[in-house]
Trainee: 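Take a look at the following structure, please.
Numbers restart at 1 for each chain; the letters A, B, ... are given by sequence-line order, proteins then strands. Keep in mind the model is a prediction, meaning the values are calculated, not measured. Keep in mind that the numbers below use all heavy atoms, side chains included, and drop hydrogens, waters and symmetry copies.
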Number of protein chains: 2
Amino acid sequence: MLVSTRGRYAIRIVLELSSREKGERVSLSELSKKQEISLKYAETIVALLVKAGLLDGQRGKRGGYRLTRDANEISVGEILIITEDSLSPVACLDCKPNQCERASSCKTLPMWEKLDDLIKSYLFSITIADLN
Amino acid sequence: MLVSTRGRYAIRIVLELSSREKGERVSLSELSKKQEISLKYAETIVALLVKAGLLDGQRGKRGGYRLTRDANEISVGEILIITEDSLSPVACLDCKPNQCERASSCKTLPMWEKLDDLIKSYLFSITIADLN
DNA sequence: CATTTTCCTACCTTGTCAATAGGTTGGAAA
DNA sequence: TTTCCAACCTATTGACAAGGTAGGAAAATG
Ligand code: FES
Ligand code: FES
């Protein structure tokens with residue numbers, strides 16, 4: 001599995017936010033209800049997005065989250081890089097510079113690199129605006 | 001991670017076999033030494049390939065494994081489908097017909113389907129002969 | 001018969017995924 | 001200024017898969 005629930009939920013939360021009026025703050029309890037994600041789990045996911053600067057949260061009454069950018073400037077790939085530990089199709093690609101001992105003579109490495117490229121360029125080419 | 005060690009080791013074992021004379025039987029102890037894979041682990045992997053009909057094994061002295069097909073007729077994707085539980089990038093795609101409750105209204109599903117297509121057509125387009 | 005090699009079944013250890021739980025801090029409205 | 005709301009922070013849990021071991025049984029050969 002390349003993309004876990006964390007990443008998928010993150011996309012859906014951002015998607016939900018992008019469907020609201022620009023700048024409007026939405027509470028997580030509302031977001032999680034709409035998207036049928038447990039509030040507590042959603043908290044841990046949203047925390048990552050805030051830390052990465054993609055969302056901005058405000059506490060207190062009438063608080064909530066909103067996007068810091070327009071939906072057409074947020075790519076799916078970006079969200080996944082933030083929420084998933086790795087997007088690579090194989091472990092050999094994860095440590096840079098490539099640490100795999102076999103790398104120099106490995107006959108399959110070029111294939112994995114191409115696949116990685118294929119996947120990432122696709123995911124980075126799609127924006128949240130494209131999905132809505 | 002899309003592809004685990006099981007799948008990667010399987011590819012390397014088939015690759016090693018394909019570099020031998022056609023029809024020659026090679027023992028797993030030799031294969032595993034060459035590819036630096038533990039014999040015991042390799043056994044479990046090779047068992048899958050035999051069951052799928054890709055390899056054919058013979059016991060006893062001078063026994064071993066050999067490919068049942070030419071290397072240019074074996075695709076990487078085929079090996080991975082056999083050895084990995086799933087090649088799909090997301091769980092939503094794994095059960096057919098699609099079981100995810102959100103499927104009908106899901107805004108991201110088409111994206112995952114395209115990605116899945118992209119990945120699979122790439123992996124099925126590469127043969128073992130291409131790699132050697 | 002002894003050796004080699006595949007084949008079969010079960011087990012183990014580690015780590016990640018997915019989710020929960022409980023509390024603390026900050027802000028706004030009443 | 002009190003009250004409430006909502007974000008924030010820090011564990012902890014249960015389930016499951018990844019990755020690998022272990023021991024032996026069955027077949028083929030010489
Ligand atoms: S096995 Fe790691 S680079 Fe090929
Ligand atoms: S969340 Fe499962 S199909 Fe979109």
Trainee: Under a 4.0 Å heavy-atom cut-off, which of residues 18-32 of chain B touch DNA chain D?
Mentor: none
Trainee: Which donor-acceptor pairs under 3.5 Å do the side chains of residues 123-130 of chain A make with protein atoms, sequence neighbours left out?
Mentor:
residue  : atom : partner  : partner atom : Å
A/Ser125 : OG   : A/Tyr122 : O            : 2.7
A/Thr127 : OG1  : A/Ala129 : N            : 3.3
A/Thr127 : OG1  : A/Asp130 : N            : 3.2
A/Thr127 : OG1  : A/Asp130 : OD2          : 3.3
A/Asp130 : OD2  : A/Thr127 : N            : 2.8

Trainee: Got a sec? Which of residues 60-69 of chain B come in under 4.0 Å of DNA chain C, heavy atoms?
Mentor: B/Gly60, B/Lys61, B/Gly64, B/Tyr65
Trainee: Side chains of A/Thr5 and A/Tyr41: do they bring a donor and an acceptor to under 3.5 Å?
Mentor: yes
Trainee: Partners of A/Gln58 by side chain to side chain donor-acceptor pair (under 3.5 Å), sequence neighbours excluded?
Mentor: A/Arg25
Trainee: Mind calculating the distance between CG (A/Leu39) and P (D/dC5) to the nearest angstrom?
Mentor: 14 Å
Trainee: Provide, to the nearest angstrom, the distance between the NZ atom belonging to A/Lys40 and the P atom belonging to C/dT20.
Mentor: 11 Å
Trainee: Of the non-hydrogen atoms in A/Thr68 and A/Gly53, which two are nearest, and what is the gap between them?
Mentor: OG1-O, 2.8 Å
Trainee: Would you mind reporting whether A/Leu80 and A/Arg8 have side-chain heavy atoms less than 4.5 Å apart?
Mentor: no
Trainee: Take the protein atom CD1 of A/Ile45 and the nucleotide atom C1' of C/dT20, then report the distance between them rounded to whole Å.
Mentor: 13 Å
Trainee: Once you round it to whole Å, what is the distance between P of D/dC8 and CG of A/Leu49?
Mentor: 11 Å
Trainee: Got a salt bridge between B/Asp56 and B/Arg69, using NZ or NE/NH1/NH2 to carboxylate O under 4.0 Å?
Mentor: no
Trainee: In the structure I gave you, are the side-chain heavy atoms of A/Leu67 and A/Ile74 within less than 4.5 Å of one another anywhere?
Mentor: yes
Trainee: Output the rounded distance in Å from CG (B/Asp56) to C1' (D/dA27).
Mentor: 14 Å
Trainee: Got a sec, which residues hit side chain to side chain donor-acceptor pair (under 3.5 Å) with A/Glu84, two or more places apart in sequence or on another chain?
Mentor: A/Ser4
Trainee: So which protein nitrogen or oxygen atoms get under 3.5 Å of nucleotides 12-14 of chain D's nitrogens or oxygens?
Mentor:
none

Trainee: Figure out the CD1/C1' separation between B/Ile13 and C/dT6, and round it to whole Å.
Mentor: 14 Å
Trainee: Should A/Val50 and A/Tyr65 count as side-chain neighbours, where that means a heavy-atom distance under 4.5 Å?
Mentor: yes
Trainee: Can you tell me if B/Gln58 touches the phosphate of D/dT29, counting only side-chain N or O atoms and a distance under 4.0 Å to OP1 or OP2?
Mentor: yes
Trainee: If the condition is side chain to side chain donor-acceptor pair (under 3.5 Å), which residues does B/Glu30 pass it with, not counting sequence neighbours?
Mentor: B/Arg20
Trainee: I'd like to check B/Ile79 versus B/Val14 (side-chain heavy atoms, cut-off strictly below 4.5 Å). Are they in contact?
Mentor: yes
Trainee: Using distance only, find each side-chain donor-acceptor pair of residues 86-93 of chain A under 3.5 Å and give its atom names and separation, not counting sequence neighbours.
Mentor:
residue : atom : partner : partner atom : Å
A/Ser86 : OG   : A/Ser88 : N            : 3.1
A/Ser86 : OG   : A/Asp94 : OD1          : 2.8
A/Ser86 : OG   : A/Asp94 : OD2          : 3.2
A/Ser88 : OG   : A/Asp94 : OD1          : 2.9

Trainee: Please identify each residue that fulfils side-chain contact (heavy atoms from CB on, under 4.5 Å) with B/Ala47, with sequence neighbours left out.
Mentor: none
Trainee: For nucleotides 11-15 of chain C, which of its nitrogen or oxygen atoms have a protein nitrogen or oxygen under 3.5 Å away, and what is each distance?
Mentor:
none

Trainee: What protein N or O atoms touch nucleotides 16-20 of chain D N or O atoms at under 3.5 angstrom, if any, and at what distances?
Mentor:
residue : atom : partner : partner atom : Å
D/dG19  : OP2  : B/Ser4  : OG           : 3.3
D/dG19  : OP2  : B/Thr5  : N            : 3.0
D/dG19  : OP2  : B/Thr5  : OG1          : 3.1
D/dG19  : O5'  : B/Thr5  : OG1          : 3.3

Trainee: Please identify each residue that fulfils side-chain contact (heavy atoms from CB on, under 4.5 Å) with B/Lys61, with sequence neighbours left out.
Mentor: none
Trainee: Using atom NZ of B/Lys33 as one end and atom C1' of C/dT5 as the other, report the distance to the nearest whole Å.
Mentor: 12 Å
Trainee: Testing the basics here: between B/Glu78 and B/Glu73, what is the closest heavy-atom pair and its distance to 0.1 Å?
Mentor: OE1-O, 4.1 Å
Trainee: So which of A/Leu31, A/Val46, A/Leu28, A/Ile13 actually passes side chain to side chain contact (heavy atoms under 4.5 Å, CB included) with A/Ile37?
Mentor: A/Ile13
